Visitor: 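Handing you this structure, nothing more for now.
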Amino acid sequence: MSSSSSHFSSTAADLLAVFSSDNKDKSANKRISALKKAIAGISYGYDMSSLFPSVISSMESNNLELKKLCYLYLKIYASVKPTEAKRAVKLILNDIYSSNPMIRSLALRTLTSVNIKNFWVAAMDPIVRLLDDTDPYVRKTAAIGIAKLYSYDKKMVESSGLIDHLKEMLSDESSVVVANSLAALMNIVNSSTGFKLTFSREISNKLVKSLTDCSEWLQVAILDALIFYVPQKPGEAESFAERISPWLQHGNAAVCMGAVKVILYLTNYMKDDNRVKEYFMKTQPPLVTLLARKSSATQYVILRNIQIILEQCPEMFANDIHFFYCNFDDPIYVKLEKLDILTKIADIHNLDQILPEFVEYASEIDVELVRKSVKCIGYLAIKIEERKNDCIDSLIELMNTKVTYVIQEAVIVIRDILRKYPGSYKSLVPILYENLDSLDEPDAKSAVIWILGQYAEEIEDSITLLNDYLKGFFDEPLEIQLTLLTAVIKVFLKKPTAAADMVTNVLQWCTDEVNDPDLRDRGIIYSRMLSANPELAKKVILANMPPVNVGTGMYDPDTTEQLMLNISTLSSIYHKPPNRFVKGAQVAYCEPSPVLRLRTRDSNPSNTDSRESNHKKYNHFHQKSQTRRVMEQYDRNSWNPSPFSDESNSNTFSGKFDSADQENLGMPMTPETHLMD
Amino acid sequence: MISGLFIFNLKGDTLICKTFRHDLKKSVTEIFRVAILTNTDYRHPIVSIGSSTYIYTKHEDLYVVAITKGNPNVMIVLEFLESLIQDLTHYFGKLNENTVKDNVSFIFELLDEMIDYGIIQTTEPDALARSVSITAVKKKGNALSLKRSHSSQLAHTTSSEIPGSVPWRRAGIKYRKNSIYIDIVERMNLLISSTGNVLRSDVSGVVKMRAMLSGMPECQFGLNDKLDFKLKQSESKSKSNNSRNPSSVNGGFVILEDCQFHQCVRLPEFENEHRITFIPPDGEVELMSYRSHENINIPFRIVPIVEQLSKQKIIYRISIRADYPHKLSSSLNFRIPVPTNVVKANPRVNRGKAGYEPSENIINWKIPRFLGETELIFYAEVELSNTTNQQIWAKPPISLDFNILMFTSSGLHVQYLRVSEPSNSKYKSIKWVRYSTRAGTCEIRI
């Protein structure tokens, strides 16, 4: 404590006195001590700028430690006092011609680190010269310096030919220089809109050879770059993947994930289906290993990436499901991801193991985990038809615990089950009836109202129950109002006499009293349909709905492809292509090549366009207010200020359910709640 | 790709503020304090606000935070934060607010050598020692020494060794007696259901090595392992599945699902020839880690019975049998959860000591020496008070902690370890090997 307090007690004036003493070498230690205190003071927010002239004078010292401290100070204060800082340029240029490569490197690094035009203009010539330095450490500093200059003045660098020099450094004899030149080049490409990066086979070969000679951190840079190599001939991708495979067993998670990314990228250029699957399976053991050994934050990143990879190889963890079982002490954000993955990999063969896990988690204390587990069980009832009875029995068992949030979540998934298996499971309706008093959340209410409308014949008191909900009609959110309107119309079409008063009231409210244009328009349309042609209205509104489809993946193939090219990055955590959250980011995709695989599960273009169009329309008119995971909250706040953004559904677990109403009436209506929202 | 690296104390005060690029606003430190530290909604340590992403980890009384822009490689940032903490702990003996304040200049210089323009260069102490000139304030005893004589500071340091072909080891190391220590430490993960079924059992093992060897030695390491067929012989897997006879398939080998290595190991040689060859870093390092879940020897057989007889009474009957050789022993610790409204808990055990700990809502059962092939029994009647609010008991699992020396659940053991130095045909070294199996995540649901 005494030593730390001494750091705070020194003032700039005290330190200045040290520099006023004689200039002999024996005072270097005093200056070193003073500068350390000054730098510590800067960190604590004290103003140490009055030392600037003295620091510049000390820069000429031969003492390496003192020189380093001076340069450190200069980098901190140069932007605060640019006029004083400019006096240092000449001194730095002297050091750039020092016989000591350490000093050459240090000087050039300082010159390129200060964002003052005098500094980085002065750095242009030394960089070109030091790219040919005898020492690889100096060459590496020069290479990175080009990327720094590019961040200051793009046009100057582009017109100077420095980028061509940087490309030549990819052929340097030192692997450290190659890796750093590569990182600098990729940095330039990522921050520009005009450049496109492609590596030839020769360069790529050299990069792979460099992997054995670099530090682990530079290995990551090389692996990140190898996805810019586009195989052209049969067998090329396989050959490269084989040479990358050893790095799947590197102990650094970033190196390991880099190898995963490159290998899976290369599978896009392999012909043999079995070979492709073999490489996917080869990446499985290291992913499980990282999951078992690393910190929670790393686990979270890996789990998010595993979900992306499962989009392309769903059977990849068939033998390792227990690694996704939740530990009691896992943080909630890890548990939720594990549940998503267990749901994805569940099938008819492993459900005997997975379903009891979900039942166990649904008995936990954490509300979010419980609700997620209930959702997952409902989802599995739809996904694995052969085992639906087991899942539904589990849901009933959980509802019998009478925990309110369990019941509300169960009602929502039961609505989806009834849609999936029309005509079956009507015995679930009385169970819902018993639990109506527990439902106060909008999603649960919406689900039960839908059920009341859809199964009006089977529910004796459906009209009475709907009237209870209608008492609060004007206070309900729009989503529920729309659902109520549709349900009332359905009941009227099924029980015209008994529901006549109810439908008259509701239609009058919608057409005359509400302000929302969507609700009003729908009311008017229903009213006219019933007046003009009741039989036709019955055909349209009560038509059998298309089946619920949960077989498709979370994302369309284009998005999956982009996410696969961004494994390990922030994009892979938020499951968004980079151009969705980084201004100016380039869209990545697999380059065409004679050996590029055709995607077997591609939708045809017209379907894709149509789906996207509908998707946008939904979100434009009906932004749902739902509880979402925290990540989505700040996700929207950070990047999607518009409340109508179509990103809001990008984290949905399964594809949307189609709506019969929408298709038959040809206009956007309330989309059904997504099962896994 | 790292725009800035910051170290905060628990209140959010800035201790270190190091930027590598010019794309950060001055308010980033305030944003961390206001938007992240005080906001319990942000539950995981990767948070994006505006165009910046904060990636952070907590260590003792510090937050170590990297700030990135664009679409960074998150994994390398997380790994770097861990390595940075390890390195600073090496230099200072202990990394906390006080040692950070004592070494601000040193940390600045260290970060400058580790990262150039956000691009991570190295975290190897030996490589850094040749570049770093500013001296660290050291704790006496176990801190890594960076001592320099006064005269050496005046000499021109040659940088020809800095990014050498062996970045983890410097030349010219000398020991009077060459020795190398190998510790194989396995962590057994167990998940047992309330009916006693083993839901999950696997082993995560590490081979820790401490090398005190002179010169630039070559090491070769052999284990009785065989990588899983999935990795090597996927075509013959169907055949081996059909003829699944454990003794013939495994032939005394240990099947490993996966293994990972320190960067000193030559990965292409391992991939192609299954040889573990390396030039070891000086000092202690984690040479290899591995994972196994086939043919694991689960060292304990546990039968938990927890019965709630009434609202006021729970009975526990737990038996555990040691399934390892009789001559071995384990220290053992059971943490048996009880509800919050316990009035009285009277555990009875046939060995060790068990006591109720109200502050943690557990009964702690400690057994210093549990001999192999013997059995332990725990019995307890727990009386509960009447609570008006009738809260649901979370029922955490029973957790188990143990340490069995000279035993590996996977059966892995060292077959050979050769140490040679190319320039010295008479090179001699002493080799030590130890084994232990400890508890990883061991949960018994009730």
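Proteins get letters first, then strands, A, B, ... in listed order; numbering begins at 1 in each. All of these numbers come straight from a predicted model, not from anything done at the bench.
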Visitor: As an exercise, state the distance from CD1 of B:Ile55 to CD1 of A:Ile573, rounded to the nearest 0.5 Å.
Guide: 6.5 Å
Visitor: Applying ring pair (Phe, Tyr, Trp, His ring centres under 6.0 Å), can you list everything that pairs with A:Tyr325, at least two apart in sequence or on another chain?
Guide: none
Visitor: Are there more than 12 heavy atoms of other residues, nucleotides or ligands under 6.0 Å from atom NZ of A:Lys277?
Guide: no
Visitor: Given side chains that start at C-beta, do those of A:Lys148 and B:Asp116 come closer than 4.5 Å, heavy atoms only?
Guide: yes
Visitor: Which atoms of A:Asp224 come close to chain B, meaning under 4.5 Å heavy atom to heavy atom: side chain ones, backbone ones, both, or neither?
Guide: side chain
Visitor: What part of A:Ala297 gets within 4.5 angstrom of chain B, counting heavy atoms only: side chain, backbone, both, or neither?
Guide: both
Visitor: Could you tell me which portion of A:Asn274 (side chain, backbone, both or neither) has an atom closer than 4.5 angstrom to a non-hydrogen atom of chain B?
Guide: neither
Visitor: Out of curiosity, A:Tyr71 OH to B:Asp112 CG, how far, rounded to the nearest 0.5 Å?
Guide: 13.0 Å
Visitor: Which region of B:Lys69, side chain (C-beta onward) or backbone (N, CA, C, O), has a non-hydrogen atom less than 4.5 Å from a non-hydrogen atom of chain A, or is it both or neither?
Guide: neither
Visitor: Under a 3.5 Å distance rule, please check whether B:Arg291 uses its side chain to pair with a backbone N or O of A:Pro285 as donor and acceptor.
Guide: yes
Visitor: Any chance you could measure B:Lys58, atom NZ, to A:Ser295, atom OG, to the nearest 0.5 Å?
Guide: 14.0 Å
Visitor: Quick check for you: to the nearest 0.5 Å, what is the distance between A:Asp330 atom CG and B:Thr441 atom OG1?
Guide: 7.5 Å
Visitor: Quick one: does A:Thr298's side chain get under 4.5 Å of B:Met75's, heavy atoms only?
Guide: yes
Visitor: Does a side-chain N-to-carboxylate-O contact under 4.0 Å join A:Lys67 and B:Glu109?
Guide: no
Visitor: Between B:Gln260 and A:Asn252, is there a side-chain donor-acceptor contact under 3.5 Å, judged purely by atom types and distance?
Guide: no
Visitor: Given heavy-atom pairs under 4.5 angstrom as the criterion, report whether the side chain, backbone, both or neither of A:Gln353 touches chain B.
Guide: neither
Visitor: Using side-chain heavy atoms (C-beta onward) and a distance below 4.5 Å, is B:Phe108 in contact with A:Ile76?
Guide: yes
Visitor: At a 4.5 Å cut-off on heavy atoms, which part of A:Arg109 comes close to chain B: side chain, backbone, both, or neither?
Guide: side chain
Visitor: Is there a side-chain contact between A:Tyr333 and B:Pro45 (heavy atoms, below 4.5 Å)?
Guide: yes
Visitor: Is it true that B:Asp258 and A:Lys282 have a side-chain N and a carboxylate O under 4.0 angstrom from each other?
Guide: no
Visitor: By a 4.5 Å heavy-atom criterion (distance strictly below it), what part of B:Leu199 contacts chain A: side chain, backbone, both, or neither?
Guide: both
Visitor: For B:Ile119, is it the side chain, the backbone, both, or neither that has a heavy atom closer than 4.5 Å to a heavy atom of chain A?
Guide: side chain
Visitor: Using 0.5 Å steps for rounding, measure from the OG atom of A:Ser571 to the CG atom of B:Asn73.
Guide: 11.5 Å
Visitor: Quick check on B:Ile76 against chain A: is it the side chain, the backbone, both or neither that has a heavy atom closer than 4.5 Å?
Guide: both
Visitor: Identify which part of B:Arg445 has an atom lying under 4.5 Å from any heavy atom of chain A, answering side chain, backbone, both or neither.
Guide: side chain
Visitor: Please confirm whether the backbone N or O of A:Phe328 pairs with a side-chain atom of B:Glu443, one donor and one acceptor, at under 3.5 Å?
Guide: yes
Visitor: Give the minimum heavy-atom separation between B:Cys259 and A:Gln249, together with the two atoms involved.
Guide: O-NE2, 2.9 Å
Visitor: Let me confirm one number: the OG1-CD distance from B:Thr122 to A:Glu216, rounded to the nearest 0.5 Å.
Guide: 7.5 Å
Visitor: At a 4.5 Å cut-off on heavy atoms, which part of A:Cys256 comes close to chain B: side chain, backbone, both, or neither?
Guide: side chain
Visitor: Is A:Ala147 in contact with chain B via its backbone, its side chain, both, or neither, using a 4.5 Å heavy-atom distance?
Guide: both
Visitor: Should A:Thr212 and B:Pro268 count as side-chain neighbours, where that means a heavy-atom distance under 4.5 Å?
Guide: yes
Visitor: Is it the case that the side chains of B:Arg21 and A:Asn115 hold a donor-acceptor pair, with the cut-off being a distance below 3.5 Å and no angle test?
Guide: no
Visitor: Any non-hydrogen side-chain atom of B:Leu267 less than 4.5 Å from a side-chain atom of A:Leu248?
Guide: no
Visitor: Before accepting this row, confirm whether a basic side-chain N of the pair A:Lys68/B:Glu113 lies closer than 4.0 Å to the acidic partner's carboxylate O.
Guide: yes
Visitor: Are A:Ser215 and B:Gln121 side-chain neighbours, meaning at least one heavy-atom pair lies under 4.5 Å?
Guide: no
Visitor: Going by atom types alone, do A:Ser113 and B:Tyr117 pair a side-chain donor with an acceptor below 3.5 Å?
Guide: no
Visitor: Quick check: closest heavy atoms across B:Ser105 and A:Leu72, and the distance to 0.1 Å?
Guide: O-CD2, 4.2 Å
Visitor: If we only count heavy atoms from C-beta on, is the B:Glu79 to A:Val220 side-chain gap below 4.5 Å?
Guide: no
Visitor: State whether a side-chain donor-acceptor pair under 3.5 Å links B:Thr123 with A:Trp217.
Guide: yes
Visitor: Does A:Lys36 form a salt bridge (Lys or Arg N to Asp or Glu O under 4.0 Å) with B:Asp102? I'd like the steps, not just the answer.
Guide: CA-CA 10 Å; A:Lys36 284 185 177 178; B:Asp102 287 346; over 6 Å; no
Visitor: What part of B:Phe20 gets within 4.5 angstrom of chain A, counting heavy atoms only: side chain, backbone, both, or neither?
Guide: neither
Visitor: Pick one of side chain, backbone, both or neither for B:Leu81, based on which atoms fall under 4.5 Å of a heavy atom in chain A.
Guide: neither
Visitor: Please name the pair of heavy atoms, one in B:Val74 and one in A:Thr569, separated by the smallest distance, quoted to 0.1 Å.
Guide: CG2-C, 3.9 Å
Visitor: So which atom in A:Leu570 and which in B:Ser48 form the shortest heavy-atom distance, rounded to 0.1 Å?
Guide: CD2-OG, 3.8 Å
